[in-house]
Structures are given as structure tokens and as C-alpha cells.
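Hydrogens, waters and symmetry mates play no part in the numbers below; they use all other heavy atoms, side chains included.
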Amino acid sequence: METTDKVNVLLVDDEPRNLLAVESILASDDLEIVKAESGRQALRHLLDREFAVVLLDVQMPDLDGFETAGLIRERQRSRHTPIIFLTAISRGDMHVFRGYELGAVDYIFKPFQPEILRSKVNVFVQLFRNREELRRQAQELARLSRQNELILDAVVEGVVGIDLGGRVTFANPAAARMLQFGAVQMTGRDIHSIVHPRFPGVLTCSNGTCSVRSLTGGSFWLTDLESTFFRADGRSFPVEFCASPMYDDEMRAIGSVVTFRDVSEKRAAAAAAAAERRYREAEAENRAKDHFLATLSHELRTPMTSILGWVQFLRSGHFDEEDLKEALTTIEASARLQSHLIDDMLDVSRIVLGKFQVDLEPTSLTEIVEAALTTARPAAAERGVNLNAWIDRSAEDLVRADANRMQQVIGNILSNAIKFTPSGKNVELRLEKSDSHLRIRVTDEGEGIDRAFLPYVFDRLRQGENATKRTGLGLGLAIARHIVELHNGQITAESEGPGQGSTFTVTLPLVDGVRSPMFPGS
């Protein structure tokens, strides 16, 4: 058939006027009328194209209609083409029977009614269209089937179909390759016996608990499943798999499609990555410890060197009253610094050993904050830093706290803020109430914290890039976090980056229904 929507109809008659008459009766936009004036010419047309029906005159010279019909039926391509004989001669039974014996589908005697001719031809034209549509659909189905087959052959994942009884209905080459089975061998076998076969002395899986065998219900979607499959030679391999249901035309479940992949390399890569990560973490921990020990040595030696130097100077006897006063002041400050370092080390040791304790009692947080501010003001004045405080007097509720330890936390945060804020800049403390919590917020205009370092700012033995410019062991914030957590509170750090200052916030829960005795009427 030509690449057109028209359907071919072949008219065969040795009389041109008869051809024109029939053509005028059948003329239609959806029909291609092909005319032949002899049987041989008709046969040539049949070699080139397909016809919905052949209208064949019986009486023709050379090859008559019966002989032409016989030759049409001998050819494979035209064996089933419908033939309608047109005749003006014999209406006898023998004449008609001969036509039917040669494969005619109908007999029309001349003169014929145009409506009858058109009606009969239209029947075979419609049958031809239906047959062509079915053939196109079959070709499309075959194409899609082949396309799906090629896709299944190309994918690296194993794809297996299982029916409601758990038997394999199809398997792609990847599945057969991974399981060391032929795809044909797998068809019809129970899926459990393939992925979890029996081996002497080896428990591969229990049929009752087999994760793959349980998928035969066919009415659910399952993803991100894991299991261990076995190859035919007994070697196991880890898999990730998923299952999707299969339905028939009436949307009844008929089985499932299981897609799986061998994740041996993925697991090995993940294990290697985890080992590499643990190694890097251990290396970072070791470097942090080395840095800590070096800093510890320096921080302990610095005040001790100062103390020993002044003691040696005093022993010389060559000093006046001013020298003695300076010596005593410096020795006292150095001793206090060393005591503070030792206290921090002892606190960290107690935290590591799980022996760090707090004594929680209903306490006024305002008193703790004011005490911490009083302690911090001399250091702020010495550095030329403006220390400002704003205390919300509606926040006089009590918190369960260890007053000494919480003052240590606030004092540590204030000390850091003052230490890293340039002269002339500001440090502000705000105490305010927020629902069922009290919040202490300390904001400075200091050097700030690199955003990449913020997640580690409360870790032990971790200091930022500018740690070499600072004094101290870098333990204060780690201790502060531990103390706050023992108070069922939270401590956070915020900074927009270097040079942008930083904000530390401590949030503590209120004691329900209890207010500070300092404000009995509130």
C-alpha cells in the first residue's frame, strides 16, 4: 500500500467504457481507483501495491476473469485479496460455482445497481482499513516489545518478573549474569530458590522470612530495600532492590517486577571512605592534641617564668618599695592565671571521666549576671572596651542553676568578648525573658568567627585560625557548653565572619510557678 490514506481498488475490464462507468460509481476522496484493461495488466498492478478489493470482469480476451483469478490466488501477496466477479453473461449455477471455487467473495451481474456496488465495495474497503490498522498496531506492539527488550538488555540492574506464586516470569541478562543463571533457566522457578539457594552447611535465608519471596503479593510499591543474594556458585553479594506491582488490563495484580543492583563496590567504597574519614579525624584529633600540649606548656611556663623571675629579683635585695609592689602584683596575677589554667584542665578531666557535677537550685539569674558583670568590668576598663548591660526586670523568675558554675559560664563569655574586642569598641550583655525561658545574649564588636569554624567553636582542643595570636588553652567554651547542657539549657554562637563581631547566647528554662524573692509583689 502506498504511503497515503487512500485505499486502492482495482477495476479489471477489457472495455474502457465499463471501467469509466464503474469508476464514476465508486469515485470517492478516500479511494484510489486503479484500472486495468486486461488480466496481465491487473497482475502487474498486484505486484506493486495492495488492494482492498478487485472488481474482475469474467469475459476478457487473452486471460479471462477465471484464469486471472486463478493466477491472483497463486501469488503469496494477493492470495487473500477479495475478488468480486462482474459478468453480463451466464447466471447459471455452474458458472457461479466456478467463480467461488477460484476464491471469489461475491458475484455481481450486469447491469448492476450503483448503490449495491458501492455498498459491497465499501464493506471490503472497511475490512481492509481495519486489517491495516490491526497490522499497524501489531507492528507498534512488536516495536515496543523489542524496544523494551533492548532496554532490559542494556540496563546494568537486574530486572526479574515474578507472578503471584513467586515464580519467575522473565529475567534480563544483567539479572542472569549476576545470579549466574541463564534467563531461560530462571523462568518458571521460584525466586527464593534462585536468590537464596540451598548449600550444604550454609543458611542463606529462611523461606518464611525471605524479603524477596514476600513481594509476590503484587499490590504494593517498595523501595530502598536491602538483602544478600547468592550466585549459583555459592558466593554471596549485597544488593539494593525495589519492587513494583504488575497489573492486567482490568487492574488486577498479577505479580511484581523486582529491580536489584550489586552494591559490593558501593559498600567497599563507602567503607574505604569511612576509614579515610576516621583516619583524617584521628589525624585532626592528634594535631589538636599536639597543639594543645604545646599551648599548655607555653601557658603554664609563661606565668611560672614571671613568678620565678620576680622571686629571683627579690632575693637579690636590690629593690625599693615600688619594685616590691610591682613584684607582688605580678606574682599574684601570674599565680591566678596559672590557677585558672589548672582549674580548666581539671574541669575538662572531670567532663571526660563523667565526674563533672552541678548543684541545681532555684536561683535568680539576674544576681548571677550582675556578679559576672562586676568581675568583668576591670578587665574591660583596662582594655578600653565599653561594657554595657541591659537587664529586663520582668525577667526576675528563677532558674534551676548552680550559681558558681553559671557565673563561670557568663564570666568566660564576657572575658572572651572583652579579650577579642579592640579598644573603643563595645561589648553588650542583654538578659531578657522569652516565653518559658531566660536568655542571656553577649554581643561584641571584635574580630568575629569564620563561618566555617562556627560548628566547632564549642569543641575541646579546637581554636580558630587566629589561635596563635591568643592566650589560653581554648577550653573555656567547651566547658561552658557542658555546664549549660547540665542545666538543661542551650548555648549558641553566631557571627557573620571575620571582623564582623560575634554573639553568644545562653538560654535556660524557668522554674515553673516560682519567682525571685527579691520582687515579692511582682
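- Residues satisfying the side-chain hydrogen bond (donor to acceptor under 3.5 Å, both in side chains) criterion with Ser495, sequence neighbours excluded, are absent altogether.
- Judged by distance alone, with hydrogens and angles left aside, the side-chain atoms of Glu445 form a donor-acceptor pair with the main-chain N or O of Asn426 at under 3.5 Å.
- Distance CG/Leu438 to CD1/Ile368: 10.0 Å, rounded to 0.5 Å.
- Ile491 is not listed as a side-chain neighbour of Thr505, based on a closest heavy-atom distance of 4.5 Å or more.
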### Task
Any chance you could lay out the side chain to side chain contact (heavy atoms under 4.5 Å, CB included) test for Leu431 and Asp392, step after step, and finish with the verdict?
CA-CA 6 Å; Leu431 171 61; Asp392 180 3; 5.8 Å; no

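- The pair Glu382-Arg377 fails the salt-bridge criterion, with no side-chain N (NZ, NE, NH1 or NH2) lying under 4.0 Å from an Asp/Glu carboxylate O.
- Here the straight-line distance linking atom CG of Leu365 with atom CG of Leu510 works out to 9.0 Å at 0.5 Å rounding.
- Between Glu226 and Val239, the closest side-chain pair of non-hydrogen atoms is not below 4.5 Å.
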### Query
Does the side chain to side chain contact (heavy atoms under 4.5 Å, CB included) test come out yes or no for Arg261 and Met178, once each step is laid out?
CA-CA 9 Å; Arg261 64 176 64 89; Met178 281 187 272; 5.7 Å; no

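- Residue Glu265 places its CD atom among 12 or fewer non-hydrogen atoms of other residues, nucleotides or ligands, all under 6.0 Å distant.
- Relative ring orientation between Phe241 and Phe229 is described as tilted, the plane-to-plane angle lying within the 30° to 60° band.
- Using a 4.5 Å heavy-atom cutoff, the side chains of Ser244 and Ser256 are not in contact.
- Between Arg136 and Glu140 there is no salt bridge, since none of the side-chain N atoms of the basic residue sits less than 4.0 Å from a carboxylate O of the acidic one.
- Under the 3.5 Å distance criterion, the side-chain polar atoms of Asp402 are left unmatched by any main-chain donor or acceptor of Val358.
- By the 6.0 Å and 45° rule, Arg231 stacks over the aromatic ring of Phe237.
- Here Arg167 contributes atom CZ and Asp163 contributes atom CG; the two are 4.5 Å apart, rounded to the nearest 0.5 Å.
- Counting heavy atoms from C-beta on, the side chains of Pro362 and Arg400 come closer than 4.5 Å.
- A salt bridge does not link Arg441 with Glu428: every distance from a Lys NZ or Arg NE/NH1/NH2 to an Asp or Glu carboxylate oxygen is 4.0 Å or more.
- Atoms CZ and CD1, on Phe504 and Ile449 in that order, are 4.0 Å from each other to the nearest 0.5 Å.
- Taken to the nearest 0.5 Å, the CG atom of Asp323 stands 8.5 Å off from the CG atom of Leu314.
- Under a 3.5 Å cut-off, the side chain of Asp190 and the backbone N or O of Val168 do not form any donor-acceptor pair.
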### Check against side chain to side chain contact (heavy atoms under 4.5 Å, CB included), Met186 and Phe170
CA-CA 8 Å; Met186 294 173 64; Phe170 67 85; over 6 Å; no

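- For the side-chain contact (heavy atoms from CB on, under 4.5 Å) with Val506, the lone residue among Ile413, Ile410, Val442 that qualifies is Ile413.
- Remark: the Thr503 side chain and the Thr443 side chain contain an N/O donor-acceptor pair separated by less than 3.5 Å.
- Looking at Cys242 and Leu225, their side chains never come closer than 4.5 Å, going by heavy atoms from C-beta outward.
- Evaluation of the ring-ring contact (aromatic ring centres under 6.0 Å, His included) test over residues 422-451, restricted to residues two or more places apart or in two chains, returns none.
- With 3.5 Å as the limit, one finds a donor-acceptor pair spanning the side chains of Arg405 and Gln408.
- In summary, of the residues considered (Val457, Val409, Asp459), a side-chain contact (heavy atoms from CB on, under 4.5 Å) with Arg481 occurs for Asp459 alone.
- Using modelled atom types, one side-chain atom of Thr363 and one backbone atom of Glu361 make a donor-acceptor pair closer than 3.5 Å.
- In this structure a side-chain-to-backbone donor-acceptor pair under 3.5 Å is missing from Asn172 to Gly158.
- Partners of Asp320 according to the salt bridge (Lys or Arg N to Asp or Glu O under 4.0 Å) rule, which considers only residues two or more places apart in sequence or in another chain, do not exist here.
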### Query
Run the side chain to side chain contact (heavy atoms under 4.5 Å, CB included) check on Leu387 and Leu414 step by step: do they pass?
CA-CA 9 Å; Leu387 178 57; Leu414 285 171; 4.0 Å; yes

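- The main-chain N or O of Leu134 is never found under 3.5 Å from a side-chain atom of Gln137 such that the two would form a donor-acceptor pair.
- With a 6.0 Å radius and a threshold of 12 heavy atoms from other residues, nucleotides or ligands, Glu276 has its CD atom above the threshold.
- Put simply, the side chain of Gln407 reaches to within 4.5 Å of the side chain of Thr375, judged on heavy atoms.
- Remark: Glu132 does not engage Arg129 in a salt bridge, criterion side-chain N to carboxylate O under 4.0 Å.
- Across Pro238 and Ser264, no two heavy atoms sit closer than the pair CD-OG, 3.2 Å.
- In this structure, the side chain of His482 does not engage the main chain of Ala478 through any donor-acceptor pair within 3.5 Å.
- Atom CZ of Arg430 is separated from atom CD1 of Ile391 by 11.0 Å, given to the nearest 0.5 angstrom.
- Using a 4.5 Å cut-off on side-chain heavy atoms (C-beta onward), Asn388 and Leu429 make no contact.
- Checked by atom type and distance alone, the side chain of Ser193 never pairs as donor or acceptor with a backbone atom of Arg189 at under 3.5 Å.
- Using a 4.5 Å cut-off on side-chain heavy atoms (C-beta onward), Ile194 and Phe230 make no contact.
- With Glu496 contributing its side chain and Gly501 its backbone, the two residues share no donor-acceptor pair below 3.5 Å.
- A side-chain donor-acceptor contact under 3.5 Å links Ser502 and Asp444.
- In terms of modelled atom types and a separation under 3.5 Å, the side chain of Thr330 and the main chain of Glu326 share a donor-acceptor contact.
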